[in-house]
Amino acid sequence: MASSDIYQQTVNELFDLQKFAIKLGLDNITALSSYLKNPQLKYPVIHIAGTNGKGSTAFYISQLLQACGLKVGLYTSPHLNDYRERIRINNTNIDPESVITFWQMVKPKVLDRKATFFDTTTLLATHYFAEQKVDVAVVETGLGGRLDSTNIVKPDSVVITPIGFDHQQHLGNTLKKIAAEKAGIIKPACDVFLTKIRPSIKKVIDVALSSDNRVFRLEKDVKYKILESDITGMKLQLKIKTDHAFKSFHIPGPAIYQADNFALAYLTFRNFCAKHGIHLNNDLVESKISESNWPGRLQLVQRHPDIIFDVSHNLPGIKTTLQSVLRFADPKRTHLLLGIVNDKDVGGITKILSGKFKSIIVTEPNSYRKQKAEVLIDAFSANNEKVKLIKDLNQAFEESKKNLKDDETLLILGSHYLVGELISI
């Protein structure tokens with residue numbers, strides 16, 4: 001069997017672990033990590049939780065650290081096109097052979113314990129980073145924090161990004177409960193970096209802090225201002241408390257909300273470098289960021305007409321995406337293609353999107369978790385919004401593009417599964 005076939009079979013077997021469903025808890029990952037001699041403890045970790053923005057923040061931190069010459073592991077989820085995107089070192093995906101070898105080594109143990117897909121993928125990431133001797137790993141939680149598989153790490157730094165409603169069936173039905181789950185990744189003696197948060201959530205996170213945590217808050221420890229912005233990107237100036245002057249950065253992409261994510265990432269990065277005696281070359285840092293575009297996050301893939309891909313998939317994320325897009329795009333000349341998965345706030349999402357676009361086409365991601373398009377149609381109808389239904393994603397994409405004029409915009413919005421397939425096309 002060719003190595004490509006063995007790799008595909010391996011990935012199929014990994015995804016088949018989804019039959020064990022989501023099981024929040026650390027018993028399986030703890031036992032499996034112990035079997036591999038706890039690889040997650042062999043390098044410093046920057047651990048990130050939040051509802052939205054955690055993937056982008058993780059990406060920015062990894063890019064900044066690479067600009068200082070470090071070997072940086074990055075673990076994020078889900079992927080867009082290839083399973084290997086979840087685990088990368090200095091922007092290079094894990095190689096297929098490492099995935100195959102790992103699975104052959106742990107498969108009996110994983111199946112015996114009925115460990116989940118995410119348990120197993122997290123174990124692969126921690127093992128690979130240790131094997132490759134990374135200088136630091138940036139690790140994004142999957143779901144929640146306290147009982148998330150990634151919470152076996154002993155973090156050097158913890159980062160909390162914006163917290164909102166998502167995955168309530170696992171994390172709780174109030175923001176306080178959700179925040180408590182996210183704050184569960186805070187460990188004694190680590191540094192903690194907090195985005196702008198409402199007072200009620202701040203109180204919950206404060207409960208999780210120990211006297212030996214150093215805490216940095218975005219609104220107090222960083223100053224930044226957006227100087228210019230258009231659909232291709234933004235220029236901002238930024239300084240942390242210890243700086244004497246502002247530094248300028250160009251951030252690719254039209255997402256204004258990335259200013260907060262980048263500022264939080266930069267604050268975390270600067271502290272990590274100071275703590276570990278890492279030399280900064282500001283020119284290299286600025287150059288690296290100007291080339292760093294996180295795929296699928298308000299990704300401009302075509303100009304005139306403008307086509308934008310975005311993986312915002314819950315109500316808070318879609319609200320912020322909409323604010324960014326409508327800064328640059330006229331609603332009377334903007335079209336929407338939407339497809340989401342089946343655990344989202346359909347009523348809230350369709351309400352916020354109604355009345356904002358020249359036309360809307362509803363489709364379905366190619367996933368067993370897809371939200372049936374008819375449910376979206378009914379929800380849009382309740383808001384007096386007429387939409388077109390095309391279930392086949394490729395057909396829906398072609399139809400959306402067909403009559404676009406040069407001065408119009410098409411926004412493709414929803415699941416990673418939806419955007420990932422279109423990026424591959």
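- Not a single donor-acceptor pair under 3.5 Å links the side chain of Ser77 to the backbone N or O of Gly142.
- Within 6.0 Å of CZ in Arg198 there are 12 or fewer heavy atoms belonging to other residues, nucleotides or ligands.
- Between Asp206 and Lys203 there is no salt bridge, since no side-chain nitrogen of the basic residue lies less than 4.0 Å from a carboxylate oxygen of the acidic one.
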Exercise for the section: I would like to know whether Tyr60 and Tyr266 meet ring pair (Phe, Tyr, Trp, His ring centres under 6.0 Å); could you show each step before the answer? Expected result: CA-CA 8 Å; Tyr60 286 136; Tyr266 188 76; over 10 Å; no
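- Annotation: the span from Ile178 atom CD1 to Ile201 atom CD1 amounts to 8.5 Å, rounded to 0.5 Å.
- Side-chain atoms of Glu421 never come within 3.5 Å of backbone atoms of Leu418 as a donor-acceptor pair (strictly under, hydrogens ignored).
- Each of Asn314, Thr195, Thr321, Thr161 was evaluated against Asn52; a single residue qualifies, Asn314, per the side chain to side chain donor-acceptor pair (under 3.5 Å) test.
- Proximity of Arg84 to Pro96: side-chain heavy atoms (C-beta onward) are separated by under 4.5 Å at one or more points.
- Aromatic rings from Phe129 and Tyr75 are positioned such that their centres are separated by 6.0 Å or more.
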Handout entry: Worked check of side-chain contact (heavy atoms from CB on, under 4.5 Å) between Thr76 and Phe59
Key = CA-CA 9 Å; Thr76 59; Phe59 173 72; over 6 Å; no
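- Contact of the Val139 side chain with the Ile48 side chain is not registered, since no non-hydrogen atoms from C-beta on lie closer than 4.5 Å.
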Problem - Verdict with supporting geometry, Asp95 and Tyr128, side-chain contact (heavy atoms from CB on, under 4.5 Å) - result: CA-CA 10 Å; Asp95 59 282; Tyr128 182 66; 3.6 Å; yes
Exercise for the section: Please report the C-alpha distance between Asn12 and Gln8 in whole Å, then the side-chain angles of each, then the deciding distance to 0.1 Å, and finally whether the side-chain hydrogen bond (donor to acceptor under 3.5 Å, both in side chains) criterion is met. Expected result: CA-CA 6 Å; Asn12 291 342; Gln8 192 54 57; 3.1 Å; yes
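- Scanning all heavy atoms of the two residues, the minimum distance from Leu413 to Ser312 falls at CD1-O, 3.8 Å.
- Within 6.0 Å of NZ in Lys220 there are 12 or fewer heavy atoms belonging to other residues, nucleotides or ligands.
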Exercise for the section: Any chance you could lay out the side-chain contact (heavy atoms from CB on, under 4.5 Å) test for Tyr43 and Val136, step after step, and finish with the verdict? Expected result: CA-CA 6 Å; Tyr43 42 81; Val136 56; over 6 Å; no
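- Here Phe193 pairs with Phe216 under the ring-ring contact (aromatic ring centres under 6.0 Å, His included) rule; sequence neighbours left out.
- Counting only N and O atoms by type, the side chains of Gln40 and Thr126 include no donor and acceptor under 3.5 Å apart.
- To the nearest 0.5 Å, atom CG of residue Asp148 and atom CG of residue Leu143 are 7.0 Å apart.
- In this structure, Tyr35 and Leu123 have side chains that are not in contact, with every pair of non-hydrogen atoms separated by 4.5 Å or more.
- No donor-acceptor pair under 3.5 Å is formed between the side chain of Gln395 and the backbone N or O of Lys391.
- Lys275 and Ser157 make their closest contact through NZ-OG, 4.4 Å (heavy atoms, listed as atom of the first residue, atom of the second, distance).
- Of the possible donor and acceptor atoms, none in the side chain of Asn271 sits under 3.5 Å from a partner among the backbone N and O of Leu267.
- The pair Glu385-Lys351 does not meet the salt-bridge criterion, since no charged nitrogen lies less than 4.0 angstrom from a carboxylate oxygen.
- Side-chain contact, Asp306 with Gln302: no donor N or O sits under 3.5 Å from an acceptor N or O.
- Judged purely by atom type and a 3.5 angstrom limit, Ser33 has no side-chain atom pairing as donor or acceptor with the backbone of Thr30.
- With respect to Ser149, the side chain to side chain donor-acceptor pair (under 3.5 Å) criterion is satisfied by exactly one of Asp119, Thr121, Thr122: Asp119.
- More than 12 heavy-atom neighbours from other residues, nucleotides or ligands sit within 6.0 angstrom of NZ on Lys288.
- Atom NE2 in His335 sits 11.5 Å away from atom CD1 in Ile412 (nearest 0.5 Å).
- A heavy-atom distance below 4.5 Å is found between the side chains of Asp156 and His276.
- The distance from the CD1 atom of Ile46 to the OG1 atom of Thr57 is 11.5 Å, given to the nearest 0.5 Å.
- Thr334 has its side chain out of reach of Lys358: every pair of non-hydrogen atoms, C-beta onward, lies at least 4.5 Å apart.
- A salt bridge links Glu181 with Arg146; the closest basic N to acidic carboxylate O contact falls under 4.0 Å.
- Residue Phe328 comes nearest to Asp230 through the heavy atom pair CE2-CA, 3.4 Å, listed as atom of the first residue, atom of the second, then distance.
- For the pair Lys176/Ser200, a side-chain contact is recorded, criterion being any heavy-atom separation below 4.5 Å from C-beta on.
- Listed for the Gln299 side chain is a donor-acceptor partner under 3.5 Å among the backbone atoms of Gly296.
- Using a cutoff of 4.0 Å between basic side-chain nitrogens and carboxylate oxygens, Lys372 and Glu364 are not scored as salt-bridged.
- Considering all non-hydrogen atoms of both residues, Pro39 and Leu36 come closest at CD-O, 3.5 Å.
- Closest of all the heavy-atom pairs between Phe269 and Leu64 is CE1-O, 3.3 Å.
- Note that CD1 of Ile89 is 11.0 Å distant from NZ of Lys133, once rounded to the nearest 0.5 Å.
- In this structure, the ring-ring contact (aromatic ring centres under 6.0 Å, His included) partners of His79, at least two apart in sequence or on a different chain, are Phe15.
- Nearest heavy atom pair, residue Leu298 against residue Ser324, reads CD1-CB, 3.6 Å.
- Between Pro252 and Ser290, the closest side-chain pair of non-hydrogen atoms is not below 4.5 Å.
- Using modelled atom types, one side-chain atom of Asp135 and one backbone atom of Lys71 make a donor-acceptor pair closer than 3.5 Å.
- The side-chain heavy atoms of Arg327 and Ser229, taken from C-beta on, include a pair separated by under 4.5 Å.
- Of the possible polar contacts, none joining the Glu140 side chain to the Ala49 backbone as a donor-acceptor pair under 3.5 Å is found.
- Taken to the nearest 0.5 Å, the CG atom of Asn403 stands 9.0 Å off from the CD atom of Glu408.
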Problem - Verdict with supporting geometry, Leu80 and Glu85, side-chain contact (heavy atoms from CB on, under 4.5 Å) - result: CA-CA 8 Å; Leu80 288 170; Glu85 295 168 24; 3.6 Å; yes
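- A side-chain donor-acceptor contact under 3.5 Å links Arg297 to the backbone of Pro295.
- Surrounding NZ of Lys109 are at most 12 heavy atoms belonging to other residues, nucleotides or ligands under 6.0 Å away.
- For Thr101 (side chain) and Ser98 (main-chain N/O), no donor-acceptor pair under 3.5 Å exists by modelled atom type.
- A donor atom on one side chain and an acceptor atom on the other are found under 3.5 Å apart for Asn151 and Lys187.
- The pair Asp191-Arg214 meets the salt-bridge criterion, with a side-chain N (NZ, NE, NH1 or NH2) lying under 4.0 Å from an Asp/Glu carboxylate O.
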